[in-house]
Amino acid sequence: PGARAGAEAVPAAAQVVLSRQYGSEGRFTFTSHTPGEHQICLHSNSTRMALFAGGKLRVHLDIQVGEHTNNYPEIAAKDKLTELQLRARQLLDQVEQIQKEQNYQRYREERFRMTSESTNQRVLWWSIAQTIILILTGIWQMRHLKSFFEAKKLV
């Protein structure tokens, strides 16, 4: 059965990177220029009754990322590269992938630092609020007890 494949960048933005209709088999590649989590959504246009009647739906999903997605023998044949040139291209692709991974890790570290600082600030304000409430409760109790003892003429 035909499948529709789509990938979404950041769920809050719900930006569709790829949306295509395929036959019973299909292969697709896409390049995402935004870092972060991506979701791949597949669905079949078959009815449920066809599946219960003995029909099978098999999905094989092979995800390759980074420099592993390049077919280097095909690139070498197409561009007529020597073995040394092909190896240099592979190394350049690996360096580029390492740089992308470093940039992504910097982005994650920045987000984690911002979350940590926000949490620390909230904890600080919560503890200050608790301290103020505790002091006000203590002052209220002392005044209340003082007025109670004065009313009973014990003081």
Side-chain angles (χ1 to χ4, degrees), residues 1-52 54-141:
R4 181 175 175 214
E8 295 182 12
V10 187
Q15 176 186 6
V16 175
V17 176
L18 176 72
S19 178
R20 291 191 185 153
Q21 191 83 20
Y22 290 98
S24 61
E25 293 183 16
R27 180 181 183 139
F28 65 90
T29 60
F30 73 93
T31 302
S32 173
H33 300 288
T34 57
E37 180 180 328
H38 289 70
Q39 296 178 351
I40 298 174
C41 305
L42 303 171
H43 73 281
S44 172
N45 58 2
S46 296
T47 63
R48 290 185 183 186
M49 294 302 173
L51 293 176
F52 287 124
K56 292 183 181 178
L57 177 64
R58 180 178 296 175
V59 176
H60 174 76
L61 189 61
D62 183 16
I63 298 177
Q64 297 176 344
V65 296
E67 76 275 0
H68 304 294
T69 60
N70 295 335
N71 186 354
Y72 287 106
E74 183 180 301
I75 293 172
K78 185 177 91 174
D79 294 343
K80 298 178 183 171
L81 299 176
T82 65
E83 185 66 31
L84 184 61
Q85 290 172 326
L86 181 63
R87 185 66 182 139
R89 180 174 278 190
Q90 286 175 331
L91 289 174
L92 286 173
D93 288 345
Q94 287 176 347
V95 167
E96 183 180 333
Q97 186 62 33
I98 290 169
Q99 286 177 334
K100 286 180 181 179
E101 182 66 27
Q102 286 177 335
N103 289 337
Y104 177 65
Q105 291 302 330
R106 282 188 195 109
Y107 168 77
R108 287 192 52 180
E109 179 192 2
E110 181 183 344
R111 296 280 301 157
F112 180 73
R113 190 176 341 106
M114 288 171 42
T115 303
S116 295
E117 289 174 2
S118 172
T119 303
N120 287 340
Q121 189 176 25
R122 289 178 183 173
V123 166
L124 173 68
W125 285 111
W126 178 249
S127 63
I128 289 172
Q130 282 182 326
T131 303
I132 290 171
I133 290 172
L134 187 62
I135 290 171
L136 292 175
T137 304
I139 291 171
W140 177 79
Q141 284 180 342

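A quick note: this is a predicted structure, and the numbers were derived from the prediction, not measured. Excluded from the calculations below are hydrogen atoms, water molecules and symmetry mates; all remaining heavy atoms, backbone and side chain alike, are included.
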query: How long is the span from the CZ atom in R89 to the CG atom in D93, to the nearest 0.5 Å?
result: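 Reported to 0.5 Å precision, the distance equals 7.0 Å.
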
If you measure from CG on L92 to CZ on R87, what distance do you get to the nearest 0.5 Å?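 If I round to the nearest 0.5 Å, the distance is 10.5 Å.
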
| said: For R108 and Q105: C-alpha separation, side-chain torsions, deciding distance, then whether side-chain hydrogen bond (donor to acceptor under 3.5 Å, both in side chains) applies. | reply: CA-CA 5 Å; R108 287 192 52 180; Q105 291 302 330; 4.8 Å; no

| request: Could I get the full list of side chain to side chain contact (heavy atoms under 4.5 Å, CB included) partners for I128, not counting sequence neighbours? | output: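 Expected list: L124, W125, I132.
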
| field | Within 6.0 angstrom of Q121 CD, more than 12 heavy atoms from elsewhere | value |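 Check fails, neighbour count at 12 or below.
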
Contacts under 3.5 angstrom, residues 109-116 side chains, donor-acceptor by atom type, not counting sequence neighbours:
from: T115; atom 1: OG1; to: R111; atom 2: O; distance (Å): 2.9
from: S116; atom 1: OG; to: F112; atom 2: O; distance (Å): 3.0

Exercise. May I ask you to test the T119-R122 pair for a side-chain heavy-atom distance under 4.5 Å?
Key: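 The answer is no; the side chains never approach within 4.5 Å.
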
